[in-house]
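Structure record follows, encoded as structure tokens.
First listed ligand is number 1; within each ligand, the first listed atom is number 1. Quick caveat: nothing in here was measured; it's all calculated off a predicted structure.
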Amino acid sequence: MILTLEGFMGSGKSSVGRELARRTGWDAYDLDALIVQRAGCSIAEIFRDKGEAWFRQLETSCLEEMIARYEGSDLILALGGGAPLLNARLLHERTECVYLRASLQTILRHIGTHDATRPLFNGDIQARMDSRDPVYTSAARHIVDVDGLRTEAVAGQILRLLGLE
Ligand code: S3P
């Protein structure tokens with residue numbers, strides 16, 4: 001099964017991905033880390049030097065490659081917050097996509113009010129969350145409300161939802 005984790009920046013995708021990997025023993029990756037590896041520079045540098053559209057294209061090809069590589073076997077893939085923007089349908093049809101839904105309060109508690117490594121974490125964050133929510137919902141097969149839950153509890157819920165525990 002290809003299990004993808006989607007949600008806004010700071011919703012806990014990477015930490016939950018690591019916890020799921022520990023509990024399942026499956027291969028696990030962070031899509032952002034694969035992009036950085038491929039580009040040879042940081043996410044912030046990609047946005048600064050090439051722009052968001054270029055980043056989205058690279059993000060989409062890295063995602064497509066991982067899905068093709070793991071089709072028929074087991075993978076945990078923590079996505080970047082914007083990965084579903086161009087790929088909601090692909091995620092819904094070809095992966096078990098879990099939406100980690102969080103409130104602004106939770107996001108701010110995880111990230112703070114500023115993060116130089118996240119070029120899109122600025123402006124009206126609630127408005128960006130609201131505009132993404134329908135995209136995340138359309139890609140998802142399952143939604144977990146993560147407010148007030150520790151990483152271990154979120155991972156536990158996901159394993160039960162997917163019948164893996
Ligand atoms: C983005 C989220 C980031 C990263 C990039 C763009 C977004 O990943 O992919 O900065 O558009 O929401 P995280 O969700 O891991 O912060």
Side-chain angles (χ1 to χ4, degrees), residues 2-22 26-67 75-92 95-147 149-151 154-155 158:
I2 299 179
L3 196 175
T4 49
L5 298 169
E6 62 161 2
F8 203 72
M9 293 170 262
S11 56
K13 304 176 295 286
S14 302
S15 326
V16 171
R18 277 193 297 274
E19 175 65 9
L20 286 169
R22 193 183 67 75
W26 293 4
D27 285 4
Y29 293 91
D30 240 79
L31 189 59
D32 278 348
L34 297 172
I35 295 167
V36 165
Q37 215 173 47
R38 178 72 60 85
C41 62
S42 72
I43 304 267
E45 286 164 342
I46 300 175
F47 271 76
R48 191 195 62 202
D49 299 341
K50 310 266 192 180
E52 180 174 353
W54 195 91
F55 173 82
R56 297 288 170 220
Q57 291 305 323
L58 182 56
E59 182 175 53
T60 296
S61 23
C62 288
L63 175 62
E64 285 170 347
E65 275 175 36
M66 288 304 277
I67 292 177
L75 170 70
I76 292 157
L77 185 62
L79 303 171
L85 293 174
L86 296 181
N87 300 296
R89 189 161 165 194
L90 173 74
L91 288 165
H92 188 75
T95 79
E96 286 285 338
C97 184
V98 180
Y99 174 14
L100 305 189
R101 190 165 58 186
S103 65
L104 178 61
Q105 217 183 3
T106 297
I107 300 295
L108 294 176
R109 186 149 40 76
H110 289 167
I111 296 192
T113 50
H114 176 75
D115 182 347
T117 68
R118 290 179 159 109
L120 296 183
F121 194 73
N122 53 38
D124 188 340
I125 293 171
Q126 182 69 65
R128 196 186 290 278
M129 290 172 71
D130 291 346
S131 74
R132 288 200 177 168
D133 179 70
V135 180
Y136 293 147
T137 302
S138 74
R141 287 188 186 272
H142 304 281
I143 300 178
V144 177
D145 283 305
V146 301
D147 291 338
L149 295 183
R150 302 173 70 91
T151 302
V154 176
I158 293 172

Picking from Thr95, Thr4, Thr60, what satisfies side chain to side chain donor-acceptor pair (under 3.5 Å) with Asn87? Thr60

What residues come within 4.0 Å of ligand 1, counting heavy atoms only? Met9, Lys13, Asp32, Ile43, Phe55, Arg56, Gly80, Gly81, Gly82, Arg118, Pro119, Leu120, Arg132

Check each of Thr151, Ile107, Val154 against Val146 using the side chain to side chain contact (heavy atoms under 4.5 Å, CB included) test, and report the only one that passes. Val154

Is any side-chain heavy atom of Phe121 less than 4.5 Å from a side-chain heavy atom of His114? no

Compare all side-chain heavy atoms of Val144 with those of Val16 and state whether any distance is below 4.5 angstrom. no

Those residues at least two apart in sequence (or on a different chain) that pass side chain to side chain donor-acceptor pair (under 3.5 Å) with Ser11 are none

Report yes or no: does Asp30 contribute a side-chain atom to a donor-acceptor pair with the main-chain N or O of Ser14 at less than 3.5 Å? no

